[in-house]
Structures are given as C-alpha cells and as structure tokens.
Amino acid sequence: MGKRNITLLSDFFLMGLTDSEDIQLVLFTLFLLMYLITVLGNMGMILIICLDSKLHTPMYFFLSHLSFLDPIYSSVITPKTLDNLLTSIKTISYLNCFTQMYFFVFLGATECFLLSSMAYDRYVAICSPLHYPVVMSIRRCCSLVFGSYLIGFTDSFVNVFCMNKLHFCDSNVIYHFFCDTSPILSLSCTDTHNIEIMIFIVAGCTLVVCLITISMSYVSILSTILKITFTSGKWKAFSTCASHLLGVTIFYGTMIFTYLKPNKSYSLGNDQVASVFYTIVIPMLNPLICSLRNKEVKNAVSRVIQKRKVSKQLK
C-alpha cells in the first residue's frame, strides 16, 4: 500500500450553509438581527439583575451568568458566519479554526453544567424552601458557577488536545459553517477511531451527568408539586421552573441530536439546521423564555425605569 501525502494545512475552507446569493443575503439579515437581539437582550438582562436588589437571589445569580455566556457563545460563531455569507473568500486559518472550536466546546459545556445548577436551585427552592437560604448560600452558588467553568475548560482542553493530533492530506474543505468536531474529523486522513471514542466519552459523560441532575431535580419537583392541595399553589410552584425546563429541553434536545451519535452518521443538512438552532437561535431565546415572561423581571424593569424617572426629576 502506498503512503498518503500528509500536508500541514494553513487554512480551511468553510462551505457555509448555501451557495445561493439570494438565500445568503436573507440568512445574513436574519442572523444579524438574531445576533443583535442576543447581545442586547442578554446584556439588558444582566443590567436589570444588577440594578434591582430584589433580583439578587441565587436563581438570578445563575441567570446572570447564563446571560453572560450566551452572547459570548454566539459571538464565537455568528460574526464569522455573517462574514462568510457576504464574501466569496470563506477561508479560516488553522489556528483560528481550532481556537473557535475550543471556545465553542468550552462555552457549550459550561452552559450545560450551569443549566444543571439552575435545576438544582429550583429543586431546593421548591422541595426544601425552609432550608433554601442555607443550602443555596453565596459560597455554594459561587462554587457551582466556578465548577461549571472549570468542567467546561477541562472538556474543551481534552477535545482540542485530541483533535490537534489529526493529520489532513486529501481536503481542507469543512462541510459546515463553523469549525465543529464532526466535520473536521471527517477530513482527517489518519485513523480517528480512538479520538472519536475519547471525544464521545467526554461529551457523553458531560451530557449524561447534567441530564441525570436535571431529571432527578425535576422528578422531585413534580412529586412535590403534586402533593400541593391548592391549584394556585401548584401553578405558582410550576411557573417558577417552567421557563427553565423549556430552555433545557430545547438546548439539550439539539445537543443530543447532533453529538451523541457516531461520526459516520454525520448529516450535512440535518446537523447544520440543529447547529444554527443552538449556536444562533437558542442564545437569543434564553432571555425571552427564561426571564422576560417572568413577572419578577417585568416588575424589576418597571422599578428600574421608575427609579430613573425619579432621579431625573430630582435633578
């Protein structure tokens, strides 16, 4: 058997979402609008939480970190995607590609564990309300957030370390709109079996641990809610975690569909649609489904606006 010519690539070529210029223009407008809403919505949420003292609770502490992660998570992918939709030169350097992949995995894994921490917070609030201030202390909340970032960093380091061992020889064309693990693995001319197993184990463990935590939390929450005799009490308890449950379902649903499967089953069309959803759409939806439908947040916005009006009148 002849040996393949292994080449050190300096650039990759991103195929993007479509070749049609008309569709590219539509997608550019749509993605740009979503990106602006993502940044402004999440930054606005952080500002409201900081300015209103009644939102200085563990639930909104976690939510502020989620609102901090989402625009950065989207910024890792969206600006380059917008640039590629407008230009014919769709190259990305080897270093920038792996940097994008590193931060994408880091922020994605961090968000997974942050959502699990939020589920645990709701579990304590509903199932053990009298112990809530003690259990969800400032120290505990900070530890959960720090742990989320640390695990995200570890997952991302393992992922990029494994991927950096690959050699590319036949093609530098990535059949995706950003540097994701599966399409890059498919480009390698070296055996990727062991690397795929390692990445699958790390990603699988992350998702499984998070899903077990969330599932156990919500099973306990549901059991507690069903024991409440008053309908109004049941609705109030359920409404405190319904938006989080919706956000978790959408985020984990697309993640599982895309990543918990062998690399051989990578599908360009289906996986790209799912990728658009969790890289561009979900970061925009999170402040809406987790916060803006919440009466506490609406009241906080009213209080902040009222304070500004009063302060202007005093001046």
Side-chain angles (χ1 to χ4, degrees), residues 38 42-43 45-46 49-50 56-77 95-125 132 134-165 178-181 184 195-218 244 247-248 251-252 254-256 258-260 278-279 282-283 286-287 290:
T38 297
N42 283 287
M43 291 300 103
M45 187 53 53
I46 293 173
I49 292 171
C50 291
H56 293 174
T57 62
M59 174 181 171
Y60 290 101
F61 174 73
F62 292 122
L63 187 56
S64 66
H65 279 276
L66 183 65
S67 295
F68 171 74
L69 278 177
D70 277 336
I72 301 175
Y73 180 64
S74 183
S75 296
V76 170
I77 307 297
L95 177 61
N96 287 342
C97 183
F98 275 74
T99 301
Q100 184 186 62
M101 183 169 57
Y102 173 82
F103 282 103
F104 169 70
V105 176
F106 166 56
L107 295 167
T110 301
E111 185 159 333
C112 282
F113 279 91
L114 191 58
L115 289 170
S116 299
S117 299
M118 293 173 74
Y120 175 71
D121 170 71
R122 292 298 82 208
Y123 157 74
V124 178
Y132 183 70
V134 177
V135 176
M136 298 307 295
S137 62
I138 294 175
R139 183 175 181 179
R140 174 70 60 84
C141 293
C142 291
S143 297
L144 288 170
V145 169
F146 176 76
S148 298
Y149 284 100
L150 181 62
I151 293 169
F153 169 81
T154 305
D155 281 4
S156 186
F157 178 80
V158 171
N159 186 84
V160 174
F161 177 77
C162 291
M163 296 290 288
N164 200 43
K165 294 182 177 181
F178 71 97
C179 293
D180 201 1
T181 305
I184 293 178
I195 293 175
E196 282 185 54
I197 290 175
M198 178 62 70
I199 293 173
F200 185 84
I201 290 172
V202 172
C205 287
T206 299
L207 281 173
V208 168
V209 169
C210 291
L211 285 173
I212 288 175
T213 303
I214 292 170
S215 299
M216 290 179 66
S217 296
Y218 275 104
H244 174 260
V248 164
F251 182 79
Y252 280 97
T254 52
M255 281 287 194
I256 291 170
T258 306
Y259 293 108
L260 282 190
Y278 65 73
T279 57
I282 290 178
N286 273 339
C290 288

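All values below were derived from every heavy atom in this structure, side-chain atoms included, with hydrogens, water molecules and symmetry-related copies excluded.
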Item checked: Full working for side-chain contact (heavy atoms from CB on, under 4.5 Å) between Ile49 and Met45 -> CA-CA 6 Å; Ile49 292 171; Met45 187 53 53; 4.1 Å; yes

Looking at every heavy atom in both [X] and [Y], which two are closest together, and how far apart are they?
X: Thr38; Y: Asn42; answer: O-ND2, 2.7 Å
X: Ile184; Y: Asp180; answer: CG1-O, 3.2 Å
X: Cys162; Y: Met198; answer: SG-CG, 3.5 Å

Side chain to side chain donor-acceptor pair (under 3.5 Å) partners for [X], two or more places apart:
X: Ser156; answer: none
X: Ser74; answer: Thr78
X: Tyr218; answer: His244
X: Asp121; answer: Tyr132

Check: Among all residues two or more places apart in sequence or in another chain, which pass the ring pair (Phe, Tyr, Trp, His ring centres under 6.0 Å) test with Tyr73?
Finding: Phe104

Margin query: Under the rule for ring pair (Phe, Tyr, Trp, His ring centres under 6.0 Å), what residues qualify as partners of Phe61, not counting sequence neighbours?
Written below: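 His65.
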
With a cut-off of 3.5 Å and sequence neighbours excluded, list every side-chain donor-acceptor pair involving residues 134-147.
unit_1, atom_1, unit_2, atom_2, d
Ser137, OG, Arg140, N, 3.2
Arg140, NH1, Tyr120, OH, 3.4
Ser143, OG, Arg139, O, 2.8

Check: Listed by chain and number, what are the disulfide bond (SG atoms under 2.5 Å apart) partners of Cys179, not counting sequence neighbours?
Finding: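 Disulfide bond (SG atoms under 2.5 Å apart) check on Cys179 returns Cys97.
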
Rounded to the nearest 0.5 Å, what separation is found between the [atom1] atom of [X] and the [atom2] atom of [Y]?
X: Leu107; Y: Thr279; atom1: CG; atom2: OG1; answer: 12.5 Å
X: Leu66; Y: Thr110; atom1: CG; atom2: OG1; answer: 11.5 Å
X: Ile195; Y: Ile199; atom1: CD1; atom2: CD1; answer: 6.5 Å
X: Phe113; Y: Met118; atom1: CZ; atom2: CE; answer: 15.5 Å
X: Ile201; Y: Thr206; atom1: CD1; atom2: OG1; answer: 11.5 Å
X: Ile77; Y: Met101; atom1: CD1; atom2: CE; answer: 10.5 Å

Notebook entry, point to check: Does the side chain of Arg122 reach to within under 4.5 Å of the side chain of Ser217, using non-hydrogen atoms?
Noted result: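 A side-chain contact is absent here, since even the closest heavy-atom pair is not under 4.5 Å.
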
Next item on the list: Measure up the Phe106 and Phe103 rings against each other and bin them: parallel (under 30°), tilted (30 to 60°), perpendicular (over 60°).
Entry: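 It falls in the perpendicular class, over 60°.
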
Apply side-chain contact (heavy atoms from CB on, under 4.5 Å) to [X] and list each qualifying residue two or more places apart in sequence or on a separate chain.
X: Phe161; value: Lys165
X: Phe68; value: Ile46, Ile72, Tyr149
X: Met216; value: Ile212
X: Ser116; value: Cys210, Thr213, Ile214, Tyr252

Next item on the list: Decide side-chain contact (heavy atoms from CB on, under 4.5 Å) for Cys112 and Leu207; before the verdict, give the C-alpha distance in whole Å, the side-chain angles of both, and the deciding distance to 0.1 Å.
Entry: CA-CA 7 Å; Cys112 282; Leu207 281 173; 4.2 Å; yes

Notebook entry, point to check: Can Asn286 and Glu111 be said to form a side-chain contact (heavy atoms from CB on, under 4.5 Å), step by step?
Noted result: CA-CA 11 Å; Asn286 273 339; Glu111 185 159 333; 3.4 Å; yes

